[in-house]
Amino acid sequence: MGPTVLFIHPDLGIGGAERLVVDAALALKSCGCKVQVWTAHYDPNHCFSETLDSGISIRCCGDWLPRSIFGKCFALCAYIRMIFLAFYIVFLSGEQFDVVFCDQVSACIPVFKLSRNRKPVLFYCHFPDQLLTQRISLVKKVYRAPIDWLEEKTTGMADCIVVNSHFTAKIFQETFSSLSHIQPDVLYPSLNISNFECSIFDDLSELVPVGREIVFLSINRYERKKNLILALESLCALHAKLNSMDWEKIQLIIAGGYDERVRENIEHYQELKSFAEKYEIGNHVTFLRSFSDKQKLNLLHNCTCILYTPSNEHFGIVPVEAMYMHCPVIAVNSGGPLESIVNNVTGFLCPPIAEAFADAMEKFVKDPSLKVTMGKSGHARVLEKFSSQAFTDQIYHYICKLTEYK
């Protein structure tokens, strides 16, 4: 029996960070580790399917604490929830574990490091939290100053720091000046390939009108930072390039994680729908919210190409999932996609401009064989660079090395 690993995560919903946590837990479980996942929020109706049927123990505590204060102070509340969760685990739960896997919020690390029965901590940095928000006003700057200081100091308390890409590693060192002596390792997220092995797929007849042979797909949460508006703007620009016959073959599906507890999700969904109606492309756009894993497989299998619109994305698991499913990707030429996508081979890397995306989209309209050739190249790249076995071996190595601290 391997070491017991305790995962602590703020909100075990549906997103890239949550996908990483679930895959890491499953990877360590496959190596003989006992795995326990603790979170401040978990909804069985809004989660990855593996959390329901893989035998991973999930415990929730602290969800009664507020997520915001009058729609503000999300970071402060997240820190408080995670610190409370860590205190509960260490002093009240009776939980026994050998090592802690923490991600997203580092503020809980001192609880594990300063307790009487000290435990080693691995911190997985998806991206520095302080860079995920703007400081427009003086009030915001004053509010964020102690939070940013705490993030840097507590991150440095981890025994092992791992990041999701070389891009994030560079940003990590630029952001946390007092941690410049730390060179974080890169552990690329991987695919649990068994989740993508399917021989029977449904068509998209319920989502796509008859005759729409070329389907572009965007998969991202309904958040403004994901720049989903670029997909709609690109569709408008593509419309201007095509004759009426080709235009009638085109459909865009915007599929995104959607949580009714999150006001931004609700607002941005309406903003996107309003944009589509204003520019008269609404009948060529399908909006899908909080789809199932099976629906995602059907979307990736049937679509022509993925539009991946965030700029400076920390890593981005969607392009990797798409490439494994033989689906080319058009992505912004910054951040993680520079490490996952090979330009002109597995897809196209473009500046975040509608015209540039539309030019790439037009290539799939004029040359349908591109999907097949780029799709094959993308699948091979995932098997070579982002295999689940490499991910499993690397994370198990970190855990075994940390348990030597005991």
Side-chain angles (χ1 to χ4, degrees), residues 134 167 207-209 212-257 264-265 267-289 299-300 303-314 316 318-319 322-323 327-338 340-368 370-371 374 378:
Q134 295 180 327
F167 170 73
L207 299 173
V208 177
R212 303 284 163 81
E213 304 168 6
I214 300 171
V215 179
F216 296 102
L217 171 65
S218 167
I219 297 181
N220 253 310
R221 291 190 300 277
Y222 282 98
E223 295 177 356
R224 296 181 185 93
K225 68 181 181 182
K226 298 300 183 181
N227 201 18
L228 298 176
I229 197 75
L230 176 58
L232 295 176
E233 292 171 346
S234 302
L235 185 65
C236 291
L238 179 65
H239 185 193
K241 293 174 178 291
L242 301 179
N243 59 44
S244 58
M245 184 179 297
D246 283 341
W247 172 243
E248 287 307 314
K249 299 176 183 177
I250 307 297
Q251 188 74 13
L252 169 64
I253 299 176
I254 294 185
E264 184 185 9
N265 289 177
E267 292 175 350
H268 195 45
Y269 171 73
Q270 292 300 330
E271 290 166 1
L272 295 170
K273 290 194 70 174
S274 297
F275 182 98
E277 292 169 7
K278 178 180 178 181
Y279 290 94
E280 300 180 347
I281 58 171
N283 62 340
H284 286 262
V285 183
T286 303
F287 292 95
L288 184 62
R289 294 174 290 180
L299 290 168
L300 292 171
C303 78
T304 303
C305 176
I306 283 279
L307 305 183
Y308 197 66
T309 54
S311 293
N312 294 317
E313 186 73 348
H314 325 146
V318 169
M323 289 190 295
C327 183
V329 184
I330 301 173
V332 174
N333 58 352
S334 63
L338 290 173
S340 58
I341 298 165
V342 181
N343 192 33
N344 295 316
V345 177
T346 69
F348 298 102
L349 293 166
C350 306
I353 302 169
E355 279 295 327
F357 264 64
D359 287 343
M361 293 163 73
E362 187 181 19
K363 292 176 182 177
F364 290 97
V365 179
K366 301 302 184 184
D367 183 6
L370 267 183
K371 172 178 168 54
M374 286 189 159

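Partners of Arg224 under the side chain to side chain contact (heavy atoms under 4.5 Å, CB included) rule, at least two apart in sequence or in another chain, are Glu264, Glu267, His268, Glu271.
Here the side chain of Ser334 pairs a donor or acceptor atom with the backbone of Asn312 at under 3.5 angstrom. Panel note: side chain Thr304, backbone Val215; a donor-acceptor pair is recorded below 3.5 Å. Judged by distance alone, the side chain of Arg289 and the main-chain N or O of Gly256 form no donor-acceptor pair under 3.5 Å. In this structure a side-chain-to-backbone donor-acceptor pair under 3.5 Å is missing from Lys241 to Glu355.
Side chains of Cys305 and Met361 form no contact here, defined as non-hydrogen atoms less than 4.5 Å apart. Between Gln251 and Ile214, the closest side-chain pair of non-hydrogen atoms is not below 4.5 Å.
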Start with the C-alpha gap between Leu252 and Ile281, add the side-chain angles, then the distance that decides, and say whether side-chain contact (heavy atoms from CB on, under 4.5 Å) holds.
CA-CA 10 Å; Leu252 169 64; Ile281 58 171; over 6 Å; no
Check step by step if side-chain contact (heavy atoms from CB on, under 4.5 Å) holds for Asn243 and Trp247.
CA-CA 6 Å; Asn243 59 44; Trp247 172 243; over 6 Å; no
Run Asn343 and Asn333 through side-chain contact (heavy atoms from CB on, under 4.5 Å) and show every step you take.
CA-CA 9 Å; Asn343 192 33; Asn333 58 352; over 6 Å; no
Quick one, Glu248 with Arg212, criterion side-chain contact (heavy atoms from CB on, under 4.5 Å). Give me CA distance, side-chain angles, the key distance, then yes/no.
CA-CA 6 Å; Glu248 287 307 314; Arg212 303 284 163 81; 3.4 Å; yes
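Here the shortest heavy-atom pairing between Leu235 and Ile250 reads CD1-CG2, 3.7 Å. What you find for Ala255 and Leu299 is that their closest heavy atoms are CB-CD1, 4.1 Å. The minimum heavy-atom distance linking Tyr308 with Pro310 is given by the pair C-CD, 3.5 Å. Between Pro337 and Leu349, the shortest heavy-atom contact is O-CD2, 4.0 Å. Scanning both residues, Phe167 and His314, for their nearest heavy atoms gives CD2-O, 4.0 Å. Here the closest heavy-atom approach between residue Thr346 and residue Met323 is recorded as OG1-SD, 3.5 Å.
Atom CD1 of Ile219 sits about 7.0 Å away from atom SG of Cys303, to the nearest 0.5 Å. Atoms CZ and SG, from Phe275 and Cys236 in turn, are 4.5 Å apart once rounded to the nearest 0.5 Å. To the nearest 0.5 Å, the span separating OG1 on Thr309 from CD1 on Ile330 amounts to 11.5 Å. Put simply, NZ on Lys363 and CZ on Phe348 are 4.5 Å apart, with the number rounded to the nearest 0.5 Å. Note: Asp359 CG to Cys350 SG = 8.0 Å, rounded to the nearest 0.5 Å. Between Ile254 atom CD1 and Thr286 atom OG1 the span is 9.5 Å, to the nearest 0.5 Å.
Ring geometry, Tyr269 versus Tyr222: the interplanar angle exceeds 60°, so the pair is classed perpendicular (tilted spans 30 to 60°).
Around NZ of Lys366, the count of heavy atoms belonging to other residues, nucleotides or ligands within 6.0 Å exceeds 12.
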Run the side-chain donor-acceptor check on residues 225-233: report pairs under 3.5 Å with partners two or more places apart or on a different chain.
from	atom 1	to	atom 2	distance (Å)
Lys226	NZ	Glu313	OE2	3.0

